[in-house]
Peer 1: 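Take a look at the following structure, please.
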Amino acid sequence: MSSELRNASKTLLKLSKKRIICTLNHRRCHSSFPTAVETAEKLVQPRSKATFNDPFSIVSHEMSNLAKNIASLIGSGHPTLNRVSSYYFEAEGKNVRPLIVLLLSKALSKIPIEERNRIPIDKSDVSDQPQYKGTPQATSIAGNSVDDSISPLQILHGINPRVILDPLSKPMDKLPQFDSVNGILPKQRRLAEIVEMIHTASLLHDDVIDLSDSRRGRPTGNIAFTNKMAVLAGDFLLGRASVAIARLRNPEVIELLSTTIANLVEGEFMQLKNTVLSNNESTISNDGETKTIPSATGKVPIQDDGFSVDVDHQTNVDAAFEYYLHKTYLKTASLMSKSSRAAAVLSGSQDVVIENCYEFGRNLGLCFQIVDDMLDYTSSDLAIGKPSQADLKLGLATAPILFAWKEKPELGELIGRKFKNPGDIEVARSAVDEFQGVEKTRLMAEGYCLKALENLRVLPESDARSALELLTNSVLTRTK
Ligand code: FPP
Ligand code: MG
């Protein structure tokens with residue numbers, strides 16, 4: 001039985017047991033067995049499968065211009081800064097985040113325009129108005145377009161207004177003409193670019209933190225340049241992304257995207273200092289060396305290593321899973337969910353659509369990272385273009401080892417000491433095999449994949465929605 005068929009029959013069972021409530025065309029409809037059959041049939045033979053082999057093809061025009069458009073946002077007058085900040089865009093990445101934003105934007109454009117009246121859509125942005133009139137104006141006060149600046153350009157681009165021969169900060173280029181056929185708004189396309197810039201900034205920083213040496217089949221930024229330059233290039237990308245966010249001129253979207261930046265840092269911090277698996281607040285591990293954190297009160301903090309001994313094993317495991325999922329949301333799903341929500345906000349759609357787009361991005365993001373954590377146990381370096389089996393070496397307890405710990409409480413000690421002792425990693429890996437940690441992780445990811453597919457049903461049927469379904473399924477089945 002193929003895995004798709006297996007998934008579908010499981011869904012069929014689940015859906016036929018309970019009445020599913022779906023929101024279609026903004027009306028709540030209660031569907032039972034016939035809908036369940038239809039849903040499961042679509043999973044076995046998604047309409048998209050017959051039509052598309054590649055979800056990229058629907059937005060291939062935008063995807064092929066992505067790197068070029070980003071290049072126009074990140075130019076500076078310093079050649080080395082240009083090299084480092086464009087380095088990760090040169091190698092082929094998965095580009096899954098901008099792909100989600102673009103496909104979702106296209107799918108949202110199929111909602112009748114009369115139903116997209118939550119916010120006034122800028123006339124120049126709607127698909128039946130091909131004229132896109134954004135021109136950067138030095139004197140612009142509060143332009144509506146993605147190209148307009150509010151501050152005078154000589155302030156934004158000059159270090160010294162009298163010396164503007166080769167300003168360090170180059171002006172951002174104008175967006176190319178709006179393609180009236182496609183239905184994707186210029187602001188949504190810019191959103192896709194911003195999302196990739198934020199993600200890339202986080203990768204530059206992440207590779208410094210993880211001491212990584214290869215990504216996308218090439219040396220990481222920290223290896224090719226230096227830690228210092230990689231960190232600064234990440235900061236620069238964030239700075240430029242922030243300007244582009246502000247120029248979307250939508251406070252709700254500005255709030256959402258700024259929060260994703262904070263969330264990424266929070267998620268990374270939760271990973272760095274796992275207070276559930278090692279609740280010692282007084283020390284931190286600094287590349288193998290233990291440092292004492294200066295206390296705010298000046299008192300010597302209480303040393304309290306390990307798990308809470310007052311509660312039973314199952315409660316500790318539950319708390320660890322809760323922490324892991326929260327961290328995973330912040331680290332990966334936040335950018336996908338909040339950018340999906342932002343795409344829906346920009347489309348002018350109603351709240352029910354916005355909520356489902358948010359939930360779609362959240363469920364897909366959780367599925368994506370859980371699969372990533374699983375692949376770390378199953379893939380080779382060559383297959384994923386970066387070192388595999390890295391998480392245990394970094395001391396990280398992800399889903400596969402948490403599932404093994406649930407069955408084998410002794411693993412708690414190894415997890416608490418971040419697999420630092422000789423032999424810890426081997427013991428942990430064989431426990432994952434013994435207790436089917438990888439298989440259980442796959443099932444967990446599958447649950448989020450199915451929820452994401454349900455969220456998509458708020459959108460009218462279209463090629464773009466089918467492509468999103470295909471993309472969602474392929475996140476679960478990917479091998480790299
Ligand atoms: C990859 O994780 C890393 C992330 C998804 C986020 C990293 C976030 C930060 C470093 C915080 C700073 C954020 C910004 C915006 C500058 P991974 O290490 O599990 O994946 P990998 O194997 O691809 O490295
Ligand atoms: Mg990493």
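Note that the numbering runs from 1 along the sequence shown for the chain. Excluded from the calculations below are hydrogen atoms, water molecules and symmetry mates; all remaining heavy atoms, backbone and side chain alike, are included.
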Peer 1: With sequence neighbours excluded, what pairs up with Thr378 under the side chain to side chain contact (heavy atoms under 4.5 Å, CB included) test?
Peer 2: Leu375, Val438

Peer 1: Counting N and O atoms only, with roles assigned by atom type, does the side chain of Ser379 sit under 3.5 Å from a partner on the main chain of Asp376, one being a donor and the other an acceptor?
Peer 2: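 No, the answer is negative, given that no donor and acceptor are paired below the 3.5 Å cut-off.
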
Peer 1: Can you name the ring pair (Phe, Tyr, Trp, His ring centres under 6.0 Å) partners of Tyr323, sequence neighbours left out?
Peer 2: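 With neighbours one apart ignored, the set is empty.
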
Peer 1: Considering all heavy atoms of both residues, which atom of Ser212 and which atom of Ile223 are nearest to each other, and what is their separation?
Peer 2: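 Scanning both residues, the minimum pair turns out to be O-CG1, 3.8 Å.
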
Peer 1: Tell me if a side-chain donor or acceptor on Thr220 pairs with a main-chain N or O of Asp207 at a distance below 3.5 Å.
Peer 2: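 Checked: no pair found.
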
Peer 1: If you look at every heavy atom in Phe419 and Ala428, which pair is closest and at what distance?
Peer 2: CE2-CB, 3.9 Å

Peer 1: Can a donor-acceptor pair be found, under 3.5 Å and without considering hydrogens, that links the side chain of Tyr88 to the backbone of Gly221?
Peer 2: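 Judged by distance alone, yes, a pair lies under 3.5 Å.
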
Peer 1: Mark yes or no for whether Arg218, through its side chain, and Ala224, through its backbone, hold a donor-acceptor pair below 3.5 Å.
Peer 2: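 Pair absent, no side-chain N/O of Arg218 close to backbone of Ala224.
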
Peer 1: Go through Asp210 and Arg215 one step at a time and tell me if the salt bridge (Lys or Arg N to Asp or Glu O under 4.0 Å) criterion holds.
Peer 2: CA-CA 12 Å; Asp210 289 350; Arg215 178 174 296 281; 5.9 Å; no

Peer 1: What do you reckon, are the aromatic ring centroids of Phe368 and Tyr448 less than 6.0 Å apart?
Peer 2: no

Peer 1: Regarding Lys327 and Glu268, does a basic nitrogen lie under 4.0 Å from an acidic carboxylate oxygen?
Peer 2: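 Salt bridge flag = no for Glu268 with Lys327.
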
Peer 1: Could you give the distance from CG (Asn69) to CZ (Arg189), rounded to the nearest 0.5 Å?
Peer 2: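 These two atoms lie 6.5 Å from each other.
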
Peer 1: Is Asn222 reaching over with its side chain to a backbone N or O of Leu211, donor-acceptor style, under 3.5 angstrom?
Peer 2: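 Here the side-chain-to-backbone pair does not exist.
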
Peer 1: Ala397: what forms a side chain to side chain contact (heavy atoms under 4.5 Å, CB included) with it, not counting sequence neighbours?
Peer 2: Leu277, Ile401, Leu402, Ile415

Peer 1: Can you measure from OG (Ser60) to CG (Asn65) and round to the nearest 0.5 angstrom?
Peer 2: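 That separation rounds to 9.5 Å.
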
Peer 1: For Val371 and Ala445, which heavy atoms make the closest approach, and how far apart are they?
Peer 2: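 The answer is CG2-CB, 3.8 Å.
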
Peer 1: Is the backbone of Ala343 close enough, under 3.5 Å, to the side chain of Gln188 for a donor and an acceptor to pair up by distance?
Peer 2: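 Judged by distance alone, yes, a pair lies under 3.5 Å.
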
Peer 1: Quick check for you: to the nearest 0.5 Å, what is the distance between Met197 atom CE and Arg190 atom CZ?
Peer 2: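 Between Met197 CE and Arg190 CZ, I get 8.5 Å after rounding to 0.5 Å.
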
Peer 1: Looking at side-chain heavy atoms only, is the closest gap between Arg341 and Glu355 below 4.5 Å?
Peer 2: yes

Peer 1: Does a side-chain heavy-atom distance below 4.5 Å link Thr441 with Ile370?
Peer 2: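 Yes, at least one pair of side-chain atoms sits under 4.5 Å.
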
Peer 1: Distance alone, cut at 3.5 Å: any donor-acceptor contact between the side chains of Asn455 and Glu359?
Peer 2: no

Peer 1: Say you draw a straight line from CG of Leu104 to OG of Ser109; how long is it, rounded to the nearest 0.5 Å?
Peer 2: 10.5 Å

Peer 1: Any non-hydrogen side-chain atom of Leu366 less than 4.5 Å from a side-chain atom of Thr332?
Peer 2: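 Side-chain contact under 4.5 Å: no.
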
Peer 1: Take Asp206 and His199 through the test side-chain contact (heavy atoms from CB on, under 4.5 Å) and record every step on the way to the result.
Peer 2: CA-CA 10 Å; Asp206 179 69; His199 171 62; over 6 Å; no

Peer 1: Between Leu364 and Val96, does the side-chain contact (heavy atoms from CB on, under 4.5 Å) criterion hold? Intermediate values first, please.
Peer 2: CA-CA 11 Å; Leu364 184 63; Val96 63; 5.7 Å; no

Peer 1: Does a side-chain N-to-carboxylate-O contact under 4.0 Å join Glu90 and Arg83?
Peer 2: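 Between Arg83 and Glu90 there is a salt bridge, with a charged N closer than 4.0 Å to a carboxylate O.
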
Peer 1: Which word best sums up how the rings of Phe321 and Phe403 line up, parallel for under 30°, tilted for 30 to 60°, or perpendicular for over 60°?
Peer 2: tilted

Peer 1: So Lys187 and Arg247, side-chain contact (heavy atoms from CB on, under 4.5 Å) or not? Walk me through it.
Peer 2: CA-CA 9 Å; Lys187 287 184 181 181; Arg247 289 185 186 179; over 6 Å; no

Peer 1: With heavy-atom distances below 4.5 Å as the criterion, would you say the side chains of Cys449 and Val475 are in contact?
Peer 2: no

Peer 1: How about Ser202 and His205: do any of their side-chain heavy atoms sit closer than 4.5 Å?
Peer 2: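 The answer is no; the side chains never approach within 4.5 Å.
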
Peer 1: Under a 4.0 Å threshold between the charged nitrogen and the carboxylate oxygen, would Glu439 count as salt-bridged to Arg442?
Peer 2: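 Judged by the 4.0 Å cut-off on N to carboxylate O distance, Arg442 and Glu439 do not form a salt bridge.
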
Peer 1: State, without any angle test, whether Glu469 and Asn473 hold a side-chain donor-acceptor pair at a distance under 3.5 Å.
Peer 2: no

Peer 1: Check whether more than 12 heavy atoms from other residues, nucleotides or ligands sit under 6.0 Å from atom CD of Glu410, and answer yes or no.
Peer 2: yes

Peer 1: NE2 of His313: more than 12 outside heavy atoms within 6.0 angstrom?
Peer 2: yes

Peer 1: Keeping the roles fixed (side chain from Glu196, backbone from Asn95), state whether a donor-acceptor pair exists under 3.5 Å.
Peer 2: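 Checked: no pair found.
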
Peer 1: Side chains of Met336 and Arg97: does their closest heavy-atom pair fall under 4.5 Å?
Peer 2: yes

Peer 1: How long is the gap from OG on Ser466 to CG on Leu471, to the nearest 0.5 Å?
Peer 2: 12.5 Å

Peer 1: How long is the span from the CD atom in Glu62 to the CG atom in Leu99, to the nearest 0.5 Å?
Peer 2: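 So the gap between those two atoms works out to 10.5 Å.
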
Peer 1: Under 3.5 Å, is there a donor-acceptor pair between the side chain of Ser430 and the main chain of Val427?
Peer 2: yes

Peer 1: Look at the side chain of Asn356 and the backbone N and O of Val458, then say whether any donor-acceptor pair between them is shorter than 3.5 Å.
Peer 2: no

Peer 1: Is the shortest distance from a Lys or Arg side-chain nitrogen in Asp463 or Lys110 to a carboxylate oxygen in the other one below 4.0 Å?
Peer 2: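 So Asp463 does not pair with Lys110 through a salt bridge.
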
Peer 1: So, do Ile194 and Leu248 sit near enough that their side-chain heavy atoms are less than 4.5 Å apart?
Peer 2: yes

Peer 1: Just by distance, with hydrogens left out, do Thr260 and Asn263 show a side-chain donor and acceptor under 3.5 Å apart?
Peer 2: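 Side-chain D/A pair, Thr260 to Asn263: absent.
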
Peer 1: Which atom names give the shortest non-hydrogen contact between Leu468 and Ala107, and what distance separates them?
Peer 2: CD1-CB, 4.3 Å

Peer 1: Set out, in order, the CA-CA distance, both residues' side-chain angles and the distance that settles side-chain hydrogen bond (donor to acceptor under 3.5 Å, both in side chains) for Thr315 and Asp312, then state yes or no.
Peer 2: CA-CA 6 Å; Thr315 309; Asp312 63 15; 2.4 Å; yes

Peer 1: For atom CD of Glu255, decide whether the heavy atoms of other residues, nucleotides or ligands shown that lie under 6.0 angstrom number more than 12.
Peer 2: no

Peer 1: Under the criterion side-chain contact (heavy atoms from CB on, under 4.5 Å), I'd like the reasoning laid out for Arg118 against Ile354: C-alpha separation, chi angles, the key distance, then a yes or no.
Peer 2: CA-CA 10 Å; Arg118 183 175 174 270; Ile354 294 177; 3.5 Å; yes

Peer 1: Near Met270 CE, under 6.0 Å, is it more than 12 heavy atoms from other residues, nucleotides or ligands?
Peer 2: yes

Peer 1: Considering only heavy atoms from C-beta outward, does the side chain of Val195 approach that of Ile100 to under 4.5 Å?
Peer 2: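 Side chain of Val195 against side chain of Ile100, heavy atoms only: no contact under 4.5 Å found.
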
Peer 1: Looking at every heavy atom in both Val84 and Ala233, which two are closest together, and how far apart are they?
Peer 2: CG1-CB, 3.6 Å

Peer 1: Can you name the nearest heavy-atom pair linking Leu66 to Pro98, along with the distance?
Peer 2: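 Result for this residue pair: CD2-CG, 3.8 Å.
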
